[in-house]
Amino acid sequence: MIRFVNSGGEAATNAIRLCRAFTKREVVVKFDGCYHGAVDSLLVNGVESSKSPISEGIPGDLLDKTKVIPFNDFEALDIVDESVACVIVEPVMGNVGLIPPEKGFLRELRRACDEAGALLIFDEVITGFRLSKGGAQQLFGLRPDITLLGKIIGGGFPIGAFGGRRELMEMVAPAGRVYNAGTFNGSPVATSAGLSVVRRLRDSVYAELESKTERLCSALEDLLEDAGIPAQINRMGSIFTLFLTQNRLRNAEDARKCDTNRFLKLQALLLEGGVFLPPSQFECCFLSVAHTEEDLQKTAEVFSSAIAGGWSG
Ligand SMILES: *Cc1c(COP(=O)(O)O)cnc(C)c1O
């Protein structure tokens, strides 16, 4: 069953309320660098011993109930004990740039949750319908208890959704006693636009995106390598990030070590050439079927001129 709301952040807020009601526990575990919308209790990063809110105006008491651990850290999963209502995770990190899970990490997380009787929330607001029709969970063959969706499913209009098995979702009002409401929930405009996008997502769309993004990324990698620039391109399907570091990235802390100033210089040079990369090292790039072969070619050319024009210096 699924409930439509108006944003990804609302979906996260409601999913956590539902997990707390179902488990009668209060602690939520999140990962450093994962983003789940403008939700007070989740606007926190760092590690448990030195976590800090990423905004002013968040009461300290609220953060006592949120535990924060590093992504891809198998040992840190020990924190998932019988006080934990749920663990919320972006199965593929997309808000510090793109960082995929290491082999077996999500499976281990699933196991840790099952052992502790905690629920597992996959925040697929970015990955849902982007990595595949069934999102990251289909790719990895894993089932969370609750899935969050947003972005793509609104076709450009405001939307969010949370869903899971009947036993959980029937606890949501009006069938159950977990509050959820919103004047624009299930808005006919957003749901129609979203449906129209989702209906166009045939298998051939994913194959085309995969091939285009793969080709663009390898062209960029070649240029970087020829120029001797320390960089990593992380990619899954049509999502990628060019990280300015020599090192493989496993978590948010690794991403923070990148040369962010140099990234911004590149961003500015590309923009002058007519190629708009997100203006932050920590935002992913996304390809769309609307990008033509000429667009990809131009991107590589402008990138090459930026390198030749002194960015590498
Ligand atoms: C964007 C985002 C959200 C929040 O969605 P909004 O609609 O902006 O509230 C939640 N989770 C992830 C992974 C996101 O990227």
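Atoms within a ligand are numbered from 1 in the order they appear, just like the ligands themselves.
With hydrogens and angles ignored, the 3.5 Å screen pairs a side-chain donor or acceptor of K212 with a backbone N or O of H291. Looking at S305, its side chain does come within 3.5 Å of a backbone N or O of E301 through a donor-acceptor pair.
Here side chain to side chain donor-acceptor pair (under 3.5 Å) pairs that include residues 265-282, with residues two or more places apart or in two chains, number zero. Sorted by first and then second residue, the side chain to side chain donor-acceptor pair (under 3.5 Å) pairs involving residues 185-195 (not counting sequence neighbours) are N6-N185, N180-N185. Sorted by first and then second residue, the pairs that involve residues 62-74 and meet side chain to side chain donor-acceptor pair (under 3.5 Å), not counting sequence neighbours, are E26-K65.
Using a heavy-atom distance under 4.0 Å as the criterion, the protein contacts of ligand 1 are S7, G8, G9, Y35, H36, G37, E90, N95, D123, V125, I126, K151.
Side-chain contact between L131 and Y206 is absent, with no heavy atoms from C-beta onward closer than 4.5 Å.
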